[in-house]
Amino acid sequence: MKTIDIILPCYNEEKALPLYFKAVDKIVEELNKYRFNFILVNDGSKDKTYDVMYDLYREREDITIVNLSRNFGQNPAFTAGLETSKGDYVIMMDADLQDPVELIKEIIEKLEEGYDIVSPRRVDRSTDTKGKRNTAQFFYRFINKIEGRNVIPENVNCFRGLTKKIVEQINNLEEKDRYLVSEIPFVGYKTYYIDFKREERVAGKSKYNYKKMITYALDIISVTTSKPLYLPIIVSFFSSFFFFFTSLITFILYILNMTDVLPYSGLYFTFFLINFILLIFSLLVFIIGILAVYLHNILINTRSRPNNIIESVRKPEDK
Ligand code: UDP
Ligand code: MG
């Protein structure tokens with residue numbers, strides 16, 4: 001019998017958790033060919049979430065509690081769950097029923113078909129405000145455009161189905177800061193997307209506000225792409241050339257003016273000075289750009305993401 005671990009990060013979810021289990025039990029009942037195990041990660045909740053978890057743990061045989069020492073955030077909570085998991089398949093989802101439990105069935109079907117990652121993708125963001133929708137769209141487009149490939153699939157969050165193989169790959173990553181929306185696509189493998197509509201939260205409040213969302217977006221950009229580090233060197237390369245020529249031209253005009261070839265204008269020297277200062281400024285940015293290229297190298301090496309992951313090798317002797 002295959003086991004399915006469902007990882008639920010919980011921060012102040014005392015109201016949502018019982019409702020989640022009420023809903024999920026109906027689905028689990030239908031899927032009786034599998035053994036389910038719920039990994040409940042208590043992410044330093046300040047309400048009675050842990051007590052609710054403990055009651056569930058005493059009543060049922062399918063509960064594992066992972067209790068974190070304080071609030072670390074959704075991604076570290078999921079990571080703790082992934083490190084605890086031993087199941088054949090893992091489903092990562094939120095505890096507030098915004099990720100519909102009805103999709104569990106289809107996720108398992110697709111994993112059984114041979115997909116390694118199943119990524120539910122939000123097609124309808126009507127439950128979000130217009131501002132949140134626009135910033136989310138800008139974020140996905142920006143990061144995928146500068147990286148030049150689909151590094152973070154649009155509208156896919158942490159809600160996923162993964163095979164054990166993927167969980168092992170993710171657990172093997174040595175980076176300390178965990179951003180699963182960046183790491184899951186990074187490991188690659190065959191992915192299946194399921195379009196779905198995200199519902200309103202069933203109880204409690206969202207833990208993300210604008211400030212947290214912006215910091216989160218910037219963190220993801222910085223762990224996923226180092227392309228912005230090349231910006232100063234590219235921009236200053238062109239601006240240095242430009243201001244070199246404008247300085248030269250204004251200098252010649254200034255000399256011609258001094259030798260009375262041109263009608264008198266005191267402005268030529270000022271023009272030359274402005275362009276020369278801009279040239280020096282561009283050269284300084286160019287030097288910063290050189291430092292940024294080295295910084296990029298340090299970043300890549302300290303983050304310790306592997307530079308490739310081999311899915312399989314076939315040798316002549318394996319025939
Ligand atoms: N969560 C967590 N730690 C946090 C914030 C959130 O474990 O510091 C959990 C939360 O309990 C929920 C999931 O992550 O199960 C998603 O959080 P939330 O619903 O607040 O995010 P939103 O759906 O509003 O993006
Ligand atoms: Mg939510």
Side-chain angles (χ1 to χ4, degrees), residues 5-24 38-54 56 63-85 90-104 119-137 139-140 152-161 177-184 196-220:
D5 286 344
I6 298 194
I7 304 177
L8 301 164
C10 301
Y11 178 53
N12 298 344
E13 302 290 5
E14 60 174 12
K15 290 204 187 81
L17 259 184
L19 297 170
Y20 174 85
F21 276 95
K22 219 169 138 190
V24 84
F38 294 90
I39 302 179
L40 309 181
V41 186
N42 179 29
D43 184 20
S45 298
K46 299 192 170 55
D47 64 357
K48 296 209 164 53
T49 299
Y50 185 81
D51 299 338
V52 174
M53 286 179 177
Y54 195 65
L56 287 162
I63 305 286
T64 300
I65 301 178
V66 176
N67 193 30
L68 302 186
S69 60
R70 63 169 172 85
N71 176 248
F72 283 89
Q74 185 187 10
N75 276 274
F78 268 129
T79 310
L82 290 173
E83 283 165 359
T84 312
S85 158
V90 160
I91 296 176
M92 300 168 28
M93 65 196 302
D94 292 352
D96 56 5
L97 287 178
Q98 285 200 281
D99 300 335
V101 288
E102 291 75 23
L103 282 188
I104 291 177
S119 299
R121 175 170 53 194
R122 300 173 64 178
V123 279
D124 178 353
R125 296 186 72 114
S126 54
T127 51
D128 282 348
T129 59
K130 198 159 181 262
K132 197 168 172 181
R133 257 198 319 260
N134 288 340
T135 33
Q137 193 183 48
F139 165 73
Y140 290 115
I152 305 214
E154 209 166 319
N155 294 326
V156 177
N157 210 333
C158 286
F159 185 21
R160 309 281 172 131
D177 46 353
R178 291 294 181 156
Y179 293 97
L180 292 152
V181 289
S182 165
E183 285 161 6
I184 297 171
F196 83 106
K197 181 175 182 297
R198 201 162 194 242
E199 300 299 334
E200 299 275 7
R201 173 178 254 286
V202 70
K205 281 199 299 254
S206 168
K207 281 90 203 173
Y208 286 96
N209 52 28
Y210 258 107
K211 199 172 138 212
K212 258 189 165 174
M213 297 260 295
I214 291 168
T215 324
Y216 184 54
L218 289 175
D219 283 345
I220 292 176

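Counting convention: from 1, in listed order, for ligands and their atoms alike.
With Asn75 contributing its side chain and Leu180 its backbone, the two residues share a donor-acceptor pair below 3.5 Å. Looking at Gln98, its side chain never comes within 3.5 Å of a backbone N or O of Glu200 through a donor-acceptor pair. With hydrogens and angles ignored, the 3.5 Å screen pairs a side-chain donor or acceptor of Lys207 with a backbone N or O of Lys205.
The nearest protein atom to atom 8 (O) of ligand 1, hydrogens excluded, is given as Asn71 ND2, 3.1 Å; this is a heavy-atom distance. Closest to atom 15 (O) of ligand 1 among all protein heavy atoms lies Pro9 O, 2.8 Å. In this structure, atom 24 (O) of ligand 1 lies nearest to the protein heavy atom Ser206 OG, 2.5 Å. Protein heavy atom in closest approach to atom 18 (P) of ligand 1: Arg201 NH2, 3.5 Å. Scanning the protein for heavy atoms near atom 4 (C) of ligand 1, the closest one is Asp43 OD2, 3.4 Å. When only non-hydrogen protein atoms are considered, atom 16 (C) of ligand 1 lies nearest to Asp94 OD2, 3.3 Å. Summary of contacts: the protein heavy atom closest to atom 1 (N) of ligand 1 is Tyr11 CB, 3.8 Å. Among all non-hydrogen protein atoms, the one lying nearest atom 20 (O) of ligand 1 is Lys207 N, 2.6 Å.
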*Full working for side chain to side chain contact (heavy atoms under 4.5 Å, CB included) between Asp99 and Asn157*: CA-CA 10 Å; Asp99 300 335; Asn157 210 333; over 6 Å; no
*asked:* Show, in sequence, the C-alpha distance, side-chain angles and deciding distance for Thr84 and Thr64, and conclude whether the side chain to side chain contact (heavy atoms under 4.5 Å, CB included) test is met.
replied: CA-CA 9 Å; Thr84 312; Thr64 300; 4.3 Å; yes
*Determine, stepwise, if the pair Val41 / Ile7 fulfils side chain to side chain contact (heavy atoms under 4.5 Å, CB included).*
CA-CA 7 Å; Val41 186; Ile7 304 177; 4.2 Å; yes
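Listed by chain and number, the protein N, O or S atoms at a distance under 2.8 Å from the Mg ion (ligand 2) are Asp96 OD2, Gln98 OE1.
Each of the following atoms of ligand 1 lies closer than 4.0 Å to a heavy atom of Gly73: 3 (N), 4 (C), 8 (O).
In Tyr54, the OH atom is not crowded: 12 or fewer heavy atoms of neighbouring residues, nucleotides or ligands sit closer than 6.0 Å. Atom NZ of Lys46 is surrounded by more than 12 heavy atoms from other residues, nucleotides or ligands within 6.0 Å.
Contact detail for Met93 and Pro9: the closest heavy-atom pair is O-CD, 3.2 Å. Nearest heavy-atom pair, Met53 versus Ile63, reported as atom, atom and distance to 0.1 Å: O-CG2, 4.5 Å.
Considering backbone and side-chain N/O atoms, Ala77 never comes within less than 3.5 Å of an N/O atom of ligand 1.
For the residue pair Tyr50 and Asn67, no side-chain donor N or O sits within less than 3.5 Å of a side-chain acceptor on the partner.
Using a cutoff of 4.0 Å between basic side-chain nitrogens and carboxylate oxygens, Arg198 and Asp94 are scored as salt-bridged.
By the criterion of a heavy-atom distance under 4.0 Å, the side chain of Arg198, and not its backbone, is placed next to ligand 1. Contact annotation for Glu13 and ligand 1: only side-chain heavy atoms (C-beta onward) come within less than 4.0 Å of the ligand. Contacts between Cys10 and ligand 1 below 4.0 angstrom, taking non-hydrogen atoms only, involve the backbone exclusively.
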